[in-house]
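First comes the structure, then the notes that go with it.
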Number of protein chains: 2
Amino acid sequence: MRSRSDVLELAILGLLQDTPMHGYELRKRLNVMLGSFRALSYGSLYPALRSMADRGLITVAGSSEPLPHALSGKRSRNVYELTADGKEHLAEALTSSGPTAWDDEGFDVRFALFAQTDVETRLRILEGRRTRLAERLDQLRTSAARTRERVDEYTLELHRHGLEQVEREVAWLDGLIDRERDSGRTSKRRHPASRRTDGSESS
Amino acid sequence: MRSRSDVLELAILGLLQDTPMHGYELRKRLNVMLGSFRALSYGSLYPALRSMADRGLITVAGSSEPLPHALSGKRSRNVYELTADGKEHLAEALTSSGPTAWDDEGFDVRFALFAQTDVETRLRILEGRRTRLAERLDQLRTSAARTRERVDEYTLELHRHGLEQVEREVAWLDGLIDRERDSGRTSKRRHPASRRTDGSESS
DNA sequence: GTTAGCATGTAAGGAGTTACATGATTTT
DNA sequence: AAAATCATGTAACTCCTTACATGCTAAC
């Protein structure tokens with residue numbers, strides 16, 4: 001029922017599927033993943049890990065019990081690892097179109113995890129995000145038309161620029177969708193994550 | 001001491017300088033100003049207004065006393081208006097380079113209030129924001145160089161795109177800075193807010 | 001006269017940050 | 001052996017949203 005913090009959990013699960021890790025390391029990768037500004041604090045991370053361990057999504061190495069709330073005594077690297085339940089949860093979360101699936105953060109995390117998904121999932125996520133942005137665009141254009149007369153030049157310029165940024169975002173998504181459709185046609189359900197890194201798309 | 005919520009207060013003060021208003025109306029304009037997604041709730045707005053009234057930045061019409069915590073009995077439109085203190089506070093806040101001055105929200109609000117400022121202030125804000133974004137760019141490029149090998153193609157693409165968006169933001173700011181410098185040269189300290197609304201810049 | 005929208009507020013709680021408190025390991 | 005950095009955690013606090021509760025005013 002924690003609808004917003006799903007994003008953090010998803011990111012954690014995604015990173016742990018790649019490889020088991022302890023919290024400190026996890027945090028660094030999380031910060032890269034979530035956009036590098038906005039450093040996630042330990043005050044968020046550790047309680048989240050605790051909660052996930054309590055729910056059986058991950059295990060803590062050293063004490064393989066379901067973490068009975070009392071630390072064994074020593075205090076050192078706790079290595080976290082996905083359980084079968086955790087993997088299932090991750091797969092569901094990646095596929096589902098929950099309430100936080102298409103907003104900025106939710107999308108970024110899902111996108112960063114694309115290497116672990118199949119073409120169908122990727123396309124669903126990209127298209128869902130595109131739809132969401134198109135709605136936003138509509139909204140912005142409508143509200144612009146309504147308020148055209150009543151606002152000063154600067155406010156107008158701010159809105160114009162915001163609109164442009166969203167338009168570019170949509171164009172970017174369109175490019176990605178095309179690429180995925182191509183790769184989907186060539187090799188159904190395969191991971192095409194090993195393309196050239198320099199990504200030379202001539203428009 | 002409320003360092004983050006300065007932004008909300010600044011926005012309120014800015015709108016009230018334009019014209020006195022009651023809360024409901026204020027909220028609608030605030031939502032346009034702050035980007036239209038992310039609707040500010042009454043649960044944020046009214047307590048903020050109360051606090052600002054308590055501190056003497058604004059007055060409430062109908063009961064011109066400093067709001068002695070007990071409403072008079074009736075319940076209807078409370079019209080808020082800036083006090084001299086409030087105007088001073090606003091001027092300071094617009095000029096100052098506080099901790100929240102250059103982040104996304106802080107900048108947007110200050111920009112939306114440009115019509116009420118002079119060229120010097122506008123230039124300081126635009127340049128401050130540009131510096132902040134340039135730092136971000138540096139950071140992103142550095143971290144990209146450090147992690148180039150260790151991340152998959154999708155994460156890379158996400159970073160590339162993020163970088164591009166910030167670069168565009170900087171280019172936008174450069175254009176605005178040029179325009180302000182021109183208008184500053186032509187007419188020192190005058191408000192050039194009465195340009196053509198259709199903004200035909202053929203570029 | 002009743003629905004819809006205007007208008008104001010409060011209480012509870014979610015999500016995260018800061019600041020604190022502690023201990024282990026590596027580097028100098 | 002001191003300093004730096006790795007590593008884990010908690011408590012208090014902030015800011016905001018949701019959901020609720022209330023009453024006024026215009027339209028039909």
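Each chain gets a letter, A, B and so on, in the order its sequence line appears, and its residues count up from 1.
The side chain of R77(A) lies closest to dA7(D) when the candidates are dA7(D), dG9(C), dT17(C). Considering only the side chain of N78(B), dG9(C) comes nearest among dG9(C), dT10(D), dG9(D).
Checked for salt-bridge contact, D104(B) and R136(B) meet the test: a charged N lies under 4.0 Å from a carboxylate O. R160(A) has a carboxylate O that lies under 4.0 Å from a charged side-chain N of E157(A), or vice versa, which qualifies the two as a salt bridge.
When the P atom of dT17(D) is taken as reference, atom OH of Y42(B) falls 13 Å away, rounded to whole Å. The CD-P distance, from E9(A) to dG16(C), rounds to 10 Å in whole Å. Across the protein-nucleic acid pair, H22(B) atom NE2 and dG5(C) atom P stand 16 Å apart, rounded to whole Å. For the pair I12(A) CD1 and dA15(C) C1', the interatomic distance rounds to 13 Å; values are reported in whole Å. When rounded to the nearest whole Å, the span between CG of L34(A) and P of dA15(C) equals 16 Å. What separates OH of Y24(B) from C1' of dG23(D) is a distance of 14 Å, to the nearest Å. Between the CZ atom of R27(B) and the C1' atom of dC6(C) there is a distance of 12 Å, rounded to whole Å. In this structure, L40(B) places its CG atom 14 Å from C1' of dT8(C), rounding to the nearest Å.
The aromatic rings of Y24(A) and Y42(A) lie parallel to each other, with less than 30° between the two planes, well short of the 60° mark.
A sub-4.0 Å separation between OP1 or OP2 of dT17(D) and a side-chain N or O of S41(B) is present. Dashed line: the shortest gap from a side-chain N or O of S44(B) to OP1 or OP2 of dT17(D) is under 4.0 Å. For Y46(A) and dT8(D), the shortest distance from a side-chain N or O to OP1 or OP2 is below 4.0 Å. Between S5(A) and dG14(C), a side-chain N or O to OP1/OP2 separation shorter than 4.0 Å is absent.
Distance CG/L126(A) to CZ/R122(A): 9.0 Å, rounded to 0.5 Å.
Outside the 6.0 Å centre-distance limit, the rings of F111(B) and W102(B) are not counted as a close aromatic pair.
G23(B) comes within 4.0 angstrom of the backbone, heavy atoms only, and of no base.
Mapped onto DNA chain C by nearest heavy atom, E25(B) and G43(B) fall at different nucleotides, with E25(B) at the one closer to the 5' end.
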